[in-house]
Amino acid sequence: MAAVVLVHGLYHRPEHFAVLAERLRTDGTEVAVPELHRGSLAADTAAVQVVIDALPEPPLVLGHSYGGSVITGIRGASHLVYLAAFVPDAGESAASLGGASQQLMDAIVAEPDGSTTLHPGLAIDTLYGDSPGPLAAQAVGLLRSQAPGCGRGVPQRHSWKETPSTYVICAQDRAIDPGLQRTMASRCTDVREWQTGHSPFVGQPDLIVELLRELLPTRIAPRREREVTTTR
C-alpha cells in the first residue's frame, strides 16, 4: 500500500490536514499525520522519524511551512514534497532564511509564558485568505499556541540532497514570501507553482491530492476509476 506522511507547520495541528488525509485514504493510500509541538525542531523531527520507521515501505513525506525544516532532517522517504515550506541547507534555520511577511509578524501575539499565538482576525487573512469563509474560520479555530525556539532549529541532516523532492510555490502566499519560496525551490528536484495562498490544503485540497497521486511510487486509482473499470 502506498503511504503518505503529512507534516504540519507552526501553530497548526494534524486536524488541519483532515480533509486531505480522508481523500487520500479513500483512494487506498495509508496516511499518517504526526503531531508536532514537541518543544524543538530536533524533537519534532524525531517524532516524524518514528512514524516513518514504522511503515513497511518508504513513504512520500509532505511538509508545510515549518514542516519543511522537519522533513529536511528525516531519512527513509521515497519522495519529499515542500509545500510553501522551508528547505534549510547546512547551518540554516527557518528563522535565518527569513521570508515571514509583515502581515504574519503582525498576527503573532506574545503570551506571558513565552509562547506565542496568532490573532484570529489577522491569521484568517494571512493563512487562509483564499479559502471559503467557513473553511477558513474552522481552520483558524484549530490553531494552537506555539512554544518558542522551533523556528530557530537547524536540521542535522539534509534529506533533499539525496532524496527526490518537489517544491510547490504558493504564488499568492501572504505568510511566506513567494520570492523566498522560489529561491528555496531551486534546491529541489522538481518545482510547481500554484496560484494559491499559504494553505491550499484548507481551500483546495484536490490540488494536493492530484499532485500526490502523481508522485506516489505506487499509484492508486481513484474510487470512481475503480468503479468504472469494475462495471465494464
Look only at the side chain of [X] and the backbone of [Y], and say whether a donor-acceptor pair between them is shorter than 3.5 Å.
X    : Y    : value
Q204 : V202 : no
H119 : G121 : yes
T126 : L122 : yes
S165 : C188 : no
E92  : D89  : yes
T196 : C170 : no
D44  : R38  : yes
T163 : W160 : no

If you round to the nearest 0.5 Å, how far is [atom2] of [Y] from [atom1] of [X]?
X    : Y    : atom1 : atom2 : answer
S69  : L97  : OG    : CG    : 7.5 Å
L142 : E15  : CG    : CD    : 6.0 Å
I124 : S131 : CD1   : OG    : 9.0 Å
S93  : L41  : OG    : CG    : 9.0 Å
I208 : L24  : CD1   : CG    : 9.0 Å
I74  : T45  : CD1   : OG1   : 9.0 Å

Subject >> For E22, side-chain hydrogen bond (donor to acceptor under 3.5 Å, both in side chains) partners two or more places apart >> reply: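 Applying side-chain hydrogen bond (donor to acceptor under 3.5 Å, both in side chains) to E22 gives none.
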
Original post:
Got a sec, which residues hit side-chain hydrogen bond (donor to acceptor under 3.5 Å, both in side chains) with D125, two or more places apart in sequence or on another chain?
Top reply: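 Here the qualifying residues are Q103, R174.
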
**OP:** Would you mind listing every side-chain hydrogen bond (donor to acceptor under 3.5 Å, both in side chains) that reaches into residues 134-152, with sequence neighbours excluded?
**Re:**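 Sorted pair list: H37-Q146.
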
How close do [X] and [Y] get, heavy atom to heavy atom, and via which atoms?
X    : Y    : answer
V33  : A21  : CG2-CB, 4.4 Å
I176 : A84  : CD1-O, 3.6 Å
L104 : A175 : CD2-O, 3.7 Å
A171 : Q195 : CB-NE2, 3.5 Å
V168 : Q181 : O-OE1, 3.9 Å
P14  : P34  : CG-O, 3.8 Å

**OP:** Evaluate whether atom CD of E35 has more than 12 neighbouring non-hydrogen atoms of other residues, nucleotides or ligands under 6.0 angstrom away.
**Re:**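 For E35, atom CD is crowded (more than 12 foreign heavy atoms under 6.0 Å).
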
Would you indicate whether the side-chain heavy atoms of [Y] and [X] approach each other to under 4.5 Å?
X    : Y    : result
T116 : Y11  : yes
V51  : Q49  : no
L80  : P164 : no
L143 : T117 : no

I'd like to know if [Y] and [X] are part of one continuous hydrophobic network [Ile/Leu/Val/Met/Phe/Trp/Tyr, side-chain heavy atoms within less than 4.5 Å].
X    : Y    : result
V140 : M105 : yes
Y82  : V154 : no
L135 : V19  : no

Subject >> Test: E210 and R23 ion pair at under 4.0 Å >> reply: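 No, E210 and R23 are not salt-bridged.
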
Original post:
Are any of the side-chain nitrogens in E30 or R25 under 4.0 Å away from the carboxylate oxygens of its partner?
Top reply: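 No, this pair does not count.
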
**OP:** Quick one: which residue pairs count as a ring pair (Phe, Tyr, Trp, His ring centres under 6.0 Å) with a foot in residues 167-210, not counting sequence neighbours?
**Re:**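 Listed by first then second residue: F17-F201, H64-H198, H64-F201.
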
**OP:** Applying side chain to side chain contact (heavy atoms under 4.5 Å, CB included), run through V209 and D27 and close with a yes or a no.
**Re:** CA-CA 10 Å; V209 171; D27 284 352; 4.2 Å; yes

Subject >> Positive for side-chain contact (heavy atoms from CB on, under 4.5 Å) with F86, one of L180, T72, V70 >> reply: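 Of the listed options, the one satisfying the test is L180.
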
Subject >> side chain to side chain contact (heavy atoms under 4.5 Å, CB included) assessment of V81 paired with L211 >> reply: CA-CA 10 Å; V81 176; L211 175 64; 4.2 Å; yes

Original post:
When you check the side-chain N and O atoms of S115 and D113, is any donor under 3.5 Å from an acceptor?
Top reply: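 Short answer, yes.
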
Original post:
Hey, are H79 and T166 close enough side-chain-wise for a donor-acceptor pair under 3.5 Å?
Top reply: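 Result is yes, a qualifying pair exists.
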
For residues 2-10, tabulate all N or O donor-acceptor pairs below 3.5 Å that involve a side-chain atom, not counting sequence neighbours.
from, atom 1, to, atom 2, distance (Å)
H8, ND1, H12, O, 3.4
H8, NE2, L36, N, 3.1

Original post:
With sequence neighbours left out, what residues match D53 under salt bridge (Lys or Arg N to Asp or Glu O under 4.0 Å)?
Top reply: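 With sequence neighbours excluded, D53 shows a salt bridge (Lys or Arg N to Asp or Glu O under 4.0 Å) to R75, given in chain and number order.
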
Subject >> Evaluation steps, side chain to side chain contact (heavy atoms under 4.5 Å, CB included), between R182 and E193 >> reply: CA-CA 9 Å; R182 294 185 182 99; E193 183 158 334; 2.7 Å; yes

